[in-house]
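Structure, as structure tokens:
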Amino acid sequence: MGTSVDSSVGLLLIISGPSGVGKTTITHRVRVRLGAVFSVSMTTRPITQEDTDGVDYHFVDETTFKLHRDAGKLLEWAKVFGNYYGTPRRPVEENLDNGRLMILEIDVEGAIQIKKNMPDCFSLFIEPPSEEALLQRLRRRQREDEQTIRGRFARAKHEIDRARDCGVYDAFIVNDDLDTAVDQAVQAVADELERRRKS
Ligand code: 5GP
């Protein structure tokens with residue numbers, strides 16, 4: 001708590017991490033602590049009971065998604081678990097122009113695309129304390145059957161390896177204790193803003 005951030009400096013913050021690592025909770029808390037704006041992605045995945053359309057995602061059909069993508073209205077896009085996800089371009093550009101801190105919660109492939117086009121972004125990757133801990137968390141969510149959990153676990157391991165190899169992430173944060181992980185993420189952003197102000 002108490003980390004002050006100068007909101008007159010626009011910054012694009014990417015937060016990635018495998019499913020089950022707690023990144024949605026971390027992203028939410030970091031957004032509140034830093035007074036940041038969350039980029040609402042467009043997706044073709046079916047809406048669940050936990051989702052609010054227009055808040056968590058813009059839920060669209062595949063035709064609509066592809067129309068936006070092909071018209072250049074998405075900053076990046078990726079296919080994750082068989083569904084399309086993408087970042088609407090306009091809100092990101094407008095908020096950055098207004099000096100806001102903009103948070104994108106996207107996968108590694110999306111982060112690689114953003115880094116290529118907007119190298120000024122700052123990227124955090126949330127990791128589980130261990131593979132075993134991640135598997136346990138995926139099981140504890142009781143959202144999916146064992147086969148789906150295994151599939152998510154395999155993809156998570158691949159995503160962690162890819163994140164380490166791709167050179168896009170500025171910091172890796174281990175989510176062992178949630179409060180500590182949030183503090184570390186907030187501190188990393190505050191340090192980065194301070195560094196940029198000085199340079
Ligand atoms: P979920 O459906 O569980 O909310 O998200 C599945 C995965 O898609 C997560 O890894 C999430 O970070 C990623 N994701 C969500 N929105 C976007 C987006 O706009 N672009 C990309 N590339 N990935 C996204």
Side-chain angles (χ1 to χ4, degrees), residues 1-5 11-43 45-59 78 80-81 83 85-87 91-92 95 100-111 114 121-144 148-149 151-153 155-160 162-164 168-193:
M1 287 289 169
T3 308
S4 73
V5 170
L11 180 72
L12 185 58
L13 170 63
I14 295 176
I15 299 183
S16 306
S19 48
V21 82
K23 74 178 173 287
T24 303
T25 311
I26 292 175
T27 300
H28 172 72
R29 292 221 201 157
V30 167
R31 185 186 65 71
V32 172
R33 288 265 298 270
L34 295 176
V37 182
F38 178 69
S39 160
V40 181
S41 294
M42 184 173 278
T43 184
R45 95 146 153 71
I47 189 165
T48 68
Q49 278 189 335
E50 286 140 53
D51 298 310
T52 307
D53 194 9
V55 175
D56 300 299
Y57 286 105
H58 298 293
F59 293 92
V80 186
F81 303 124
N83 297 306
Y85 293 83
T87 304
V92 173
N95 277 295
R100 299 300 300 266
L101 173 58
M102 191 77 202
I103 302 187
L104 270 53
E105 189 202 310
I106 59 175
D107 82 333
V108 175
E109 297 312 316
I114 296 277
C121 66
F122 185 65
S123 319
L124 301 177
F125 190 84
I126 314 294
E127 287 187 303
S130 67
E131 287 186 1
E132 192 49 42
L134 181 65
L135 187 55
Q136 277 172 15
R137 281 187 209 179
L138 285 169
R139 288 206 173 114
R140 234 183 291 140
R141 299 199 300 185
Q142 294 183 326
R143 274 198 218 157
E144 297 118 354
T148 310
I149 289 169
R152 284 192 183 264
F153 182 57
R155 189 179 191 280
K157 285 200 286 186
H158 171 76
E159 191 159 26
I160 292 167
R162 184 108 172 89
R164 288 213 181 98
V168 158
Y169 291 94
D170 296 288
F172 289 78
I173 289 171
V174 177
N175 182 18
D176 197 357
D177 172 71
L178 184 62
D179 290 337
T180 307
V182 172
D183 282 346
Q184 287 175 347
V186 169
Q187 196 56 52
V189 176
D191 289 348
E192 178 64 14
L193 287 168

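We number each residue from 1, following the sequence as shown. Keep in mind it's a predicted model, so treat the numbers as computed, not measured.
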Where [X] and [Y] come nearest, the two heavy atoms and their spacing:
X      : Y      : answer
Cys121 : Ser123 : SG-OG, 4.0 Å
Ser41  : Thr87  : OG-OG1, 4.4 Å
Ala181 : Val174 : CB-O, 4.0 Å

Rounded to the nearest 0.5 Å, what separation is found between the [atom1] atom of [X] and the [atom2] atom of [Y]?
X      : Y      : atom1 : atom2 : value
Arg140 : Ile149 : CZ    : CD1   : 11.5 Å
His158 : Ile160 : NE2   : CD1   : 11.0 Å
Ile114 : Ile106 : CD1   : CD1   : 5.0 Å
Leu101 : Glu192 : CG    : CD    : 11.0 Å
Thr48  : Phe59  : OG1   : CZ    : 6.5 Å
Leu13  : Glu105 : CG    : CD    : 11.0 Å

(message) Quick check on Arg155: does its CZ atom have over 12 non-hydrogen neighbours (other residues, nucleotides or ligands) under 6.0 Å away?
(response) yes
(request) Report the C-alpha distance between His28 and Phe38 in whole Å, list the side-chain angles of each, state the deciding distance to 0.1 Å, and finish with yes or no for side-chain contact (heavy atoms from CB on, under 4.5 Å). (result) CA-CA 8 Å; His28 172 72; Phe38 178 69; over 6 Å; no
(request) Answer whether the closest heavy-atom distance between the side chains of Val40 and Val55 falls below 4.5 Å. (result) no
(request) May I have the step-by-step check of side-chain contact (heavy atoms from CB on, under 4.5 Å) for Leu11 and Phe122, ending in yes or no? (result) CA-CA 7 Å; Leu11 180 72; Phe122 185 65; 4.2 Å; yes
(request) Evaluate the side-chain contact (heavy atoms from CB on, under 4.5 Å) criterion for residues Lys157 and Leu134: first the C-alpha distance (whole Å), next the side-chain angles of each, then the deciding distance (0.1 Å), finally the verdict. (result) CA-CA 9 Å; Lys157 285 200 286 186; Leu134 181 65; 5.7 Å; no
Within the side chain of [X], is there an N or O that forms a donor-acceptor pair under 3.5 Å with the backbone of [Y]?
X      : Y      : result
Asn175 : Val21  : yes
Lys23  : Ile126 : no
Arg137 : Ser19  : no
Glu159 : Val108 : yes

(message) Here's a test for you: under side chain to side chain contact (heavy atoms under 4.5 Å, CB included), which of Leu193, Val186, Asp191 qualifies with Val189?
(response) Leu193
(message) Quick test of your reading: applying salt bridge (charged side-chain N to carboxylate O under 4.0 Å, His left out), list the pairs with at least one residue in residues 48-58, sequence neighbours left out, ordered by first then second residue.
(response) Arg45-Asp51, Glu50-Arg143
(message) Holding to salt bridge (Lys or Arg N to Asp or Glu O under 4.0 Å), I want the full list of residues that pass it with Arg31, two or more places apart in sequence or in another chain.
(response) none
(request) Determine, stepwise, if the pair Thr25 / Val182 fulfils side-chain contact (heavy atoms from CB on, under 4.5 Å). (result) CA-CA 9 Å; Thr25 311; Val182 172; over 6 Å; no
(message) Test of understanding: with ring pair (Phe, Tyr, Trp, His ring centres under 6.0 Å), list the residues that count as partners of Phe125, not counting sequence neighbours.
(response) Tyr169, Phe172
